[in-house]
**Student:** 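Here's a structure for you.
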Amino acid sequence: MITTDLTPGSPCWLDLGAPDVRAAAAFYGAVLGWEYESMGEAEEFEGGMFKKDGKTVAGLGKLTEEGARSAWMIYYMVSDADATTHAVERAGGTVRVPPRDLDDWGRMAQYSDPLGGQFAVWQPGKDKGFELADQPGSLSWTELYTSDAAGAKDFYSDVFGWRFSDMQLPGGGGTYSLITPADLPEERMHGGLMELPEDQLALTNGRPYWHPVFNVTDCDAAVAKVTGNGGSVQMGPEDAQGVGRLAVCLDPAKADFVVLTPERS
């Protein structure tokens, strides 16, 4: 369970790099009920914050990296971004953006794991991270698709100290590994990891990738809003036993995300 009681190794932020900021703001506003608060429209900076019920849930910025695809970037909380950078390098990862201060808000860095899966970290200053989680219209899970589950487990456990527990998916669907931050109980699981062959990772030409799972009150209604606003559906909606009803979606710029209506307990 993702919470706003943020601890090292847990998701604390996410932002979207989009080729058209206004179009992305309109899309996610329609699908997730988000309000967009611009922080600037100048040529050198275009972006802002998404809010739900007055609480910040994510960020949005102009995609500027040449050749990059539009995608969500997930940030994990750390107490020392510089130490995490050294851990990433020792474990065979790559530093994409070295640690840097964002005024007194905090310190961030971005990396790739050994096979190219991109992720980021946030060392909080004045800003701790998102203000709403695991509620409708907010992040409720993070997920990594990779062609090497064993290697990913080794890497991320070295970097974050994560613990993994495996479960078999029904119908011979393979093994799904649940992720729990170090020193937290299993009810604070925040994500999962699944091995897929490279030809099923077409979005990234075979490289691993992380994507967010957003809580919604009605998965089918959310999917209708996705397709009705220029997005598409890769899988679902379908029921996952013990999880809920979900669909894997793409926004109009092909950034991937999942919408999930959790199963009632």
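Keep in mind that the numbers below use all heavy atoms, side chains included, and drop hydrogens, waters and symmetry copies. In this text the structure is predicted, and so the values were computed from the model without any measurement.
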**Student:** Hey, mind stepping through Asp158 and Arg90 against salt bridge (Lys or Arg N to Asp or Glu O under 4.0 Å) and telling me if it holds?
**Tutor:** CA-CA 9 Å; Asp158 286 345; Arg90 285 196 303 270; over 6 Å; no
**Student:** If we only count heavy atoms from C-beta on, is the Asn215 to Pro136 side-chain gap below 4.5 Å?
**Tutor:** yes
**Student:** Are Phe164 and Met167 grouped together when hydrophobic residues (ILVMFWY) are joined by side-chain heavy atoms under 4.5 angstrom apart?
**Tutor:** no
**Student:** Mind checking whether Asp80 and Arg107 have side chains closer than 4.5 Å, heavy atoms only?
**Tutor:** no
**Student:** Side-chain contact test, heavy atoms from C-beta onward, threshold under 4.5 Å: evaluate it for Pro8 versus Val78 and give yes or no.
**Tutor:** no
**Student:** Which is it for Leu144 and Tyr156 under the side-chain contact (heavy atoms from CB on, under 4.5 Å) test, yes or no, and what are the steps along the way?
**Tutor:** CA-CA 11 Å; Leu144 174 67; Tyr156 289 102; 3.8 Å; yes
**Student:** Could you name each residue pair satisfying side-chain hydrogen bond (donor to acceptor under 3.5 Å, both in side chains) that touches residues 159-174, not counting sequence neighbours?
**Tutor:** Lys153-Asp166, Asp166-Ser177, Gln168-Thr175
**Student:** Counting C-beta onward and ignoring hydrogens, is there a side-chain heavy-atom pair between Phe27 and Val226 closer than 4.5 Å?
**Tutor:** yes
**Student:** Would you say Val243 and Glu263 make side-chain contact, with heavy atoms under 4.5 Å?
**Tutor:** no
**Student:** Taking all atoms of both residues into account, what is the closest heavy-atom pair of Thr146 and Pro208, and its distance?
**Tutor:** OG1-CG, 3.6 Å
**Student:** To check you understand the geometry: which heavy-atom pair defines the closest contact between Pro237 and Val223, and what is its length?
**Tutor:** CG-CG2, 3.8 Å
**Student:** Are any side-chain N or O atoms of Trp13 and backbone N or O atoms of Gly59, one a donor and one an acceptor, separated by less than 3.5 Å?
**Tutor:** no
**Student:** side-chain contact (heavy atoms from CB on, under 4.5 Å), that's the test. Do Met194 and Leu169 meet it? Break it down for me.
**Tutor:** CA-CA 10 Å; Met194 185 164 181; Leu169 296 176; 3.4 Å; yes
**Student:** Report the distance from atom CG of Asp5 to atom NZ of Lys128, rounding to the nearest 0.5 Å.
**Tutor:** 11.5 Å
**Student:** Quick one: closest heavy-atom pair of Glu198 and Ser147, and the distance?
**Tutor:** CG-CB, 3.8 Å
**Student:** Quick check on Glu238: does its CD atom have over 12 non-hydrogen neighbours (other residues, nucleotides or ligands) under 6.0 Å away?
**Tutor:** yes
**Student:** Nearest heavy-atom pair of Arg96 and Glu65: which atoms, and what distance?
**Tutor:** NH2-OE1, 2.5 Å
**Student:** Please name all residues satisfying side chain to side chain contact (heavy atoms under 4.5 Å, CB included) with Ala58, sequence neighbours left out, ordered by chain then number.
**Tutor:** Leu14, Trp34, Phe50, Trp72
**Student:** Would you confirm whether Tyr36, through its side chain, and Gly48, through its main-chain N or O, come within 3.5 Å as a donor-acceptor pair?
**Tutor:** yes
**Student:** Mind listing the closest non-hydrogen atom pair of Asn229 and Lys225 along with its distance?
**Tutor:** ND2-O, 2.7 Å
**Student:** Among Asp220, Asp218, Thr261, whose side chain to side chain donor-acceptor pair (under 3.5 Å) with Arg245 holds?
**Tutor:** Asp220
**Student:** Honestly curious: do Leu115 and Tyr111 fall in one hydrophobic cluster under the side-chain, below-4.5 Å linking rule?
**Tutor:** no
**Student:** Report yes or no: do Phe155 and Trp210 belong to one cluster of Ile/Leu/Val/Met/Phe/Trp/Tyr joined by side chain heavy-atom distances under 4.5 Å?
**Tutor:** yes
**Student:** About how many Å separate CD1 of Ile2 and CE of Met189, when rounded to the nearest 0.5 Å?
**Tutor:** 13.0 Å
**Student:** Donor-acceptor pair, distance only, cut-off 3.5 Å: does the side chain of Glu35 make one with the backbone of Lys51?
**Tutor:** no
**Student:** Is there a side-chain contact (heavy atoms from CB on, under 4.5 Å) between Glu143 and Tyr176 once you walk through the steps?
**Tutor:** CA-CA 10 Å; Glu143 198 164 57; Tyr176 192 84; 2.5 Å; yes
**Student:** If you measure from OG on Ser38 to CD on Glu46, what distance do you get to the nearest 0.5 Å?
**Tutor:** 7.5 Å
**Student:** According to a hydrophobic-cluster definition based on side-chain heavy atoms being under 4.5 Å apart (Ile, Leu, Val, Met, Phe, Trp, Tyr only), do Trp122 and Met39 belong together?
**Tutor:** yes
**Student:** Quick one: does any side-chain atom of Gln110 pair with a main-chain N or O of Val97 as donor and acceptor, under 3.5 Å?
**Tutor:** no
**Student:** Measure the spacing between CG of Leu63 and CG of Leu16 and express it to the nearest 0.5 Å.
**Tutor:** 8.5 Å
**Student:** I'd like to know if the side chain of Ser70 and the backbone of Gly17 have a donor-acceptor N/O pair within less than 3.5 Å.
**Tutor:** yes
**Student:** Counting N and O atoms only, with roles assigned by atom type, does the side chain of Thr4 sit under 3.5 Å from a partner on the main chain of Leu132, one being a donor and the other an acceptor?
**Tutor:** no
**Student:** For residues Met49 and Glu131, determine if any side-chain heavy atom of one lies less than 4.5 Å from a side-chain heavy atom of the other.
**Tutor:** no
**Student:** With side chains defined as the heavy atoms from C-beta onward, is the minimum distance between Met108 and Arg100 less than 4.5 Å?
**Tutor:** yes
**Student:** Run the side-chain donor-acceptor check on residues 247-260: report pairs under 3.5 Å with partners two or more places apart or on a different chain.
**Tutor:**
| unit_1 | atom_1 | unit_2 | atom_2 | d |
| --- | --- | --- | --- | --- |
| Asp251 | OD1 | Ala253 | N | 2.9 |
| Asp251 | OD1 | Lys254 | N | 3.0 |
| Asp251 | OD1 | Ala255 | N | 3.0 |
| Asp251 | OD2 | Tyr28 | OH | 2.7 |
| Asp256 | OD1 | Arg69 | NH1 | 3.2 |
| Asp256 | OD1 | Arg69 | NH2 | 3.1 |
| Asp256 | OD2 | His211 | ND1 | 3.0 |

**Student:** Taking the side chain as every heavy atom from C-beta outward, state whether Tyr76 and Val159 have any pair of such atoms under 4.5 Å apart.
**Tutor:** no
**Student:** Is there a salt bridge (Lys or Arg N to Asp or Glu O under 4.0 Å) between Asp103 and Lys126 once you walk through the steps?
**Tutor:** CA-CA 9 Å; Asp103 295 325; Lys126 186 167 66 175; over 6 Å; no
**Student:** If I take atom CD from residue Gln135 and atom OG1 from residue Thr3, how far apart are they, to the nearest 0.5 angstrom?
**Tutor:** 11.0 Å
**Student:** Do Trp141 and Leu139 sit in one hydrophobic cluster, given that two such residues count as connected whenever their side-chain heavy atoms are within less than 4.5 Å of each other, even indirectly?
**Tutor:** no
**Student:** Rounded to the nearest 0.5 Å, how far does OG of Ser112 lie from OH of Tyr209?
**Tutor:** 15.5 Å
**Student:** If you look at every heavy atom in Ala18 and Ala24, which pair is closest and at what distance?
**Tutor:** CB-CB, 3.8 Å
**Student:** What do the steps show when you test Val213 against Leu246 for side-chain contact (heavy atoms from CB on, under 4.5 Å), and what is the final call?
**Tutor:** CA-CA 9 Å; Val213 178; Leu246 59 86; over 6 Å; no
